[in-house]
Amino acid sequence: MKCNEIQENLSQFIEDDLSEVVNSDVKKHLSTCNACQKEFEEIISFLSAFDTKEMEIPSSNLKASFEEMLAQEIENSKPKVVQLQPKQDWKSFLKIAASIAIVISAFLFGKHQSDITKIANIKEENKQEVLAMLENNSASKRILAVTNAEEFTQEDTKIIEALINRLFFDKNTNVRLAAAEVLSKFSSREMVREALIKSLATEKNSSVQIELIHILAKIQEKRAIKPMEKMLSNEETPEFVKQEIQINLPTLL
């Protein structure tokens with residue numbers, strides 16, 4: 001097998017998704033070819049560099065602690081029972097008004113904290129549902145999960161890592177296309193840009209290649225110049241893909 005054939009099969013080789021014959025050929029080639037071995041090590045290093053961060057959820061003890069403190073404060077501020085006098089004490093009215101204000105504030109604060117907790121819980125549940133669907137056997141459900149992933153912020157590294165995984169390893173072309181499109185909306189992140197560049201260098205499907213070319217040209221990623229030029233010089237690159245490169249490459253130069 002030639003170097004370009006080996007490099008095209010590296011992603012499936014990592015996933016152990018090749019036939020025994022091809023898998024053996026790749027192993028033998030990697031043991032004798034420094035360039036392909038370096039490419040293989042770069043992919044492994046890139047995929048293992050992801051950081052995992054868990055979403056923080058507000059402590060449930062905050063509301064209980066506040067309510068306990070509030071109850072103690074109200075108890076301490078209660079006026080002592082005294083004989084009724086004809087003359088009214090305006091200070092007593094102020095104490096009662098202050099107590100009422102404290103109770104109302106506590107109610108509103110508790111409701112606000114409850115709403116925040118509910119929203120956080122719903123968001124976490126939605127995230128876990130999307131992550132689960134991305135691993136579903138149904139390609140249509142994986143595409144739906146990729147689309148739903150758009151609602152999460154750029155700070156949610158776990159979702160972005162899952163999308164990059166789909167871009168590299170999903171067997172369905174439409175899922176990879178959807179993942180590339182969604183990832184382009186997070187292109188301000190370095191890990192996304194690196195993934196798009198690396199995917200262009202290893203992707204074998206022409207439709208996905210063209211989508212990646214358009215994305216990298218649009219976000220003005222100059223590091224994509226080298227893999228594009230390599231594709232132009234590759235005799236196996238389809239002519240219509242080369243035409244797309246010739247149209248978009250000048251915008252990066």
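These numbers were taken from a predicted model, which means no experiment stands behind them.
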Taken to the nearest 0.5 Å, the spacing of I159 CD1 from I164 CD1 works out to 12.0 Å
> In terms of hydrophobic clusters joined by side-chain contacts under 4.5 Å, are I213 and F240 together?
Replying inline: yes
task: Verify the cluster assignment for L212 and I247: are they in a single hydrophobic cluster under the rule of side-chain heavy atoms below 4.5 Å apart?
output: no
| field | Full working for side-chain contact (heavy atoms from CB on, under 4.5 Å) between T147 and V182 | value | CA-CA 7 Å; T147 304; V182 173; 5.7 Å; no
Do L249 and E229 have side-chain heavy atoms sitting under 4.5 Å apart? yes
Note: A149 and V130 closest approach over all heavy atoms is CB-CG1, 4.2 Å
Rounded to the nearest 0.5 angstrom, the CG-CG distance for L134 and N148 is 9.0 Å
dist L131:CG -> N136:CG (nearest 0.5 Å) comes out at 13.0 Å
With a cut-off of 6.0 Å (strictly less than), are more than 12 heavy atoms of other residues, nucleotides or ligands near NZ of K222? yes
- Task: Carefully, step by step, assess E135 and R166 under the rule salt bridge (charged side-chain N to carboxylate O under 4.0 Å, His left out).
- Result: CA-CA 9 Å; E135 301 297 330; R166 288 300 97 200; 3.7 Å; yes
* Could you state whether V208 and V241 fall into the same hydrophobic cluster, counting links through intermediate Ile, Leu, Val, Met, Phe, Trp or Tyr residues with side-chain heavy atoms under 4.5 angstrom apart? => yes
Close side-chain approach of L196 and I215, heavy atoms under 4.5 Å:
yes
Separation between CG (N248) and NE2 (H214), nearest 0.5 Å, reads 5.0 Å
- Decide yes or no for E194 and R223: does some side-chain heavy atom of the first lie under 4.5 Å from some side-chain heavy atom of the second? yes
Practice problem: Please report the C-alpha distance between R176 and E203 in whole Å, then the side-chain angles of each, then the deciding distance to 0.1 Å, and finally whether the salt bridge (charged side-chain N to carboxylate O under 4.0 Å, His left out) criterion is met. | Solution: CA-CA 10 Å; R176 299 202 302 279; E203 178 60 54; 2.9 Å; yes
| task | Check the pair F13 / V22 against side-chain contact (heavy atoms from CB on, under 4.5 Å), numbers first and verdict last. | result | CA-CA 9 Å; F13 176 72; V22 178; over 6 Å; no
For I197 and P227 the tightest heavy-atom approach is CG2-CG, 4.3 Å
Value for OG (S184) from CZ (R193), rounded to nearest 0.5 Å, stands at 11.0 Å
Determine whether a donor-acceptor pair (N or O, by modelled atom type, separation under 3.5 Å) exists between the side chain of T237 and the backbone of K242. no
Heavy-atom side-chain proximity of K27 to N23 below 4.5 angstrom: yes
Notebook entry, point to check: Would you say E39 and K198 make side-chain contact, with heavy atoms under 4.5 Å?
Noted result: yes
### Test item: side-chain donor near acceptor, Q37 and E41, under 3.5 Å
yes
NZ (K158) and CD (E161) are apart, to the nearest 0.5 Å, by 8.5 Å
In terms of heavy-atom contacts, E211 and L177 come closest through CB-CD2, 3.7 Å
Practice problem: Give the C-alpha distance, both sets of side-chain angles, the deciding distance and a yes or no for side-chain contact (heavy atoms from CB on, under 4.5 Å) between L232 and Q246. | Solution: CA-CA 8 Å; L232 278 176; Q246 290 167 346; 3.9 Å; yes
Quiz item: Taking side chain as C-beta onward, heavy atoms only, is M228 less than 4.5 Å from L216?
Solution: yes
Is a donor from one side chain sitting under 3.5 angstrom from an acceptor on the other, for R189 and T157? yes
Does one hydrophobic cluster hold both V146 and M133, with members joined at side-chain heavy-atom distances below 4.5 Å?
no
Q220 and A217 have their tightest heavy-atom pair at NE2-O, 2.9 Å
Query - Side-chain heavy-atom pair Q209, I245 within 4.5 angstrom cut-off - result: no
Residues A139 and V175: closest non-hydrogen pair is O-CG2, 3.7 Å
- Would you say the side chain of F40 lies within less than 4.5 Å of the side chain of I6, judging by non-hydrogen atoms? no
Discussion item. Using the rule that Ile, Leu, Val, Met, Phe, Trp and Tyr join whenever any side-chain heavy atoms are under 4.5 Å apart, tell me whether I160 and F169 fall into a single cluster.
Written reply: yes
### Query
Near E20 CD, under 6.0 Å, is it more than 12 heavy atoms from other residues, nucleotides or ligands?
no
